[in-house]
Amino acid sequence: MKKVLFVCTANIHRSRFAEEVFNYFCAKYNKDYHAFSAGLRVGDYSFRKIYYPALENLKAFNIIPQRLSLIHISEPTRPRLISYAVFCL
């Protein structure tokens with residue numbers, strides 16, 4: 001399985017949305033990929049899980065978030081888990 005990492009600042013909006021949409025369509029079309037997401041400055045936003053507009057947009061596409069916790073890019077397991085990285089700036 002190939003793994004994709006989406007990265008943004010806080011891991012609460014762009015990267016989280018991209019992760020959920022990517023995983024939804026990979027599952028729907030039986031693709032051998034799985035996405036993760038992480039943020040560069042998660043500590044600054046630790047009071048949030050996933051930003052409200054991202055949740056609303058996922059809901060509009062009938063996608064239910066599979067993960068609500070935030071992940072910082074520096075977590076030790078990250079580099080070994082990814083095949084590709086996408087920065088959502």
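Index from 1, following the sequence. Source: prediction; values computed, not measured.
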Exercise. Heavy atoms only: give me the nearest Tyr24-Asn62 pair and the separation to one decimal.
Key: CE1-O, 4.2 Å

Quiz prompt | Phe17 side chain near Phe61 side chain, heavy-atom distance below 4.5 Å | solution = yes

Quiz item: Should Ile12 and Ile50 count as side-chain neighbours, where that means a heavy-atom distance under 4.5 Å?
Solution: no

Practice problem: Look up atom CG in Leu5 and atom CD in Glu19, then write down how far apart they are to the nearest 0.5 Å. | Solution: 9.0 Å

Exercise. Spell out, as yes or no, whether a donor-acceptor pair under 3.5 Å connects the side chain of Glu20 to the backbone of Gln66.
Key: yes

Quiz item: Heavy-atom distance under 4.5 Å between the side chains of Pro65 and Leu55, does that happen here?
Solution: yes

Quiz item: With under 30° as parallel and over 60° as perpendicular, where do the rings of Tyr29 and Phe25 fit, or are they tilted in between?
Solution: parallel

Quiz item: Counting distance only, does the side-chain N/O of Asn23 pair as donor-acceptor with the main-chain N or O of Ala35 below 3.5 Å?
Solution: yes

Exercise. Search all heavy atoms of Ser15 against all heavy atoms of Cys8 and return the closest pair with its distance.
Key: OG-SG, 3.0 Å

Quiz item: Does a side-chain heavy-atom distance below 4.5 Å link Val7 with Arg14?
Solution: no

Quiz prompt | Close side-chain approach of Val21 to Ile63, heavy-atom, < 4.5 Å | solution = yes

Quiz item: Are the side chains of Pro53 and His13 in touch, meaning some heavy atoms are under 4.5 Å apart?
Solution: yes

Exercise. Output the distance between atom OH (Tyr52) and atom NZ (Lys59), rounded to the nearest 0.5 Å.
Key: 7.5 Å

Exercise. Indicate, with yes or no, if the rings of Phe6 and Phe36 have centres closer together than 6.0 Å.
Key: no

Quiz prompt | Nearest atoms (heavy-atom pairs only) where Val4 meets Tyr33 | solution = CG2-CD2, 4.1 Å

Self-check item: Separation of His34 NE2 from Met1 CE (nearest 0.5 Å)
Solution: 7.0 Å

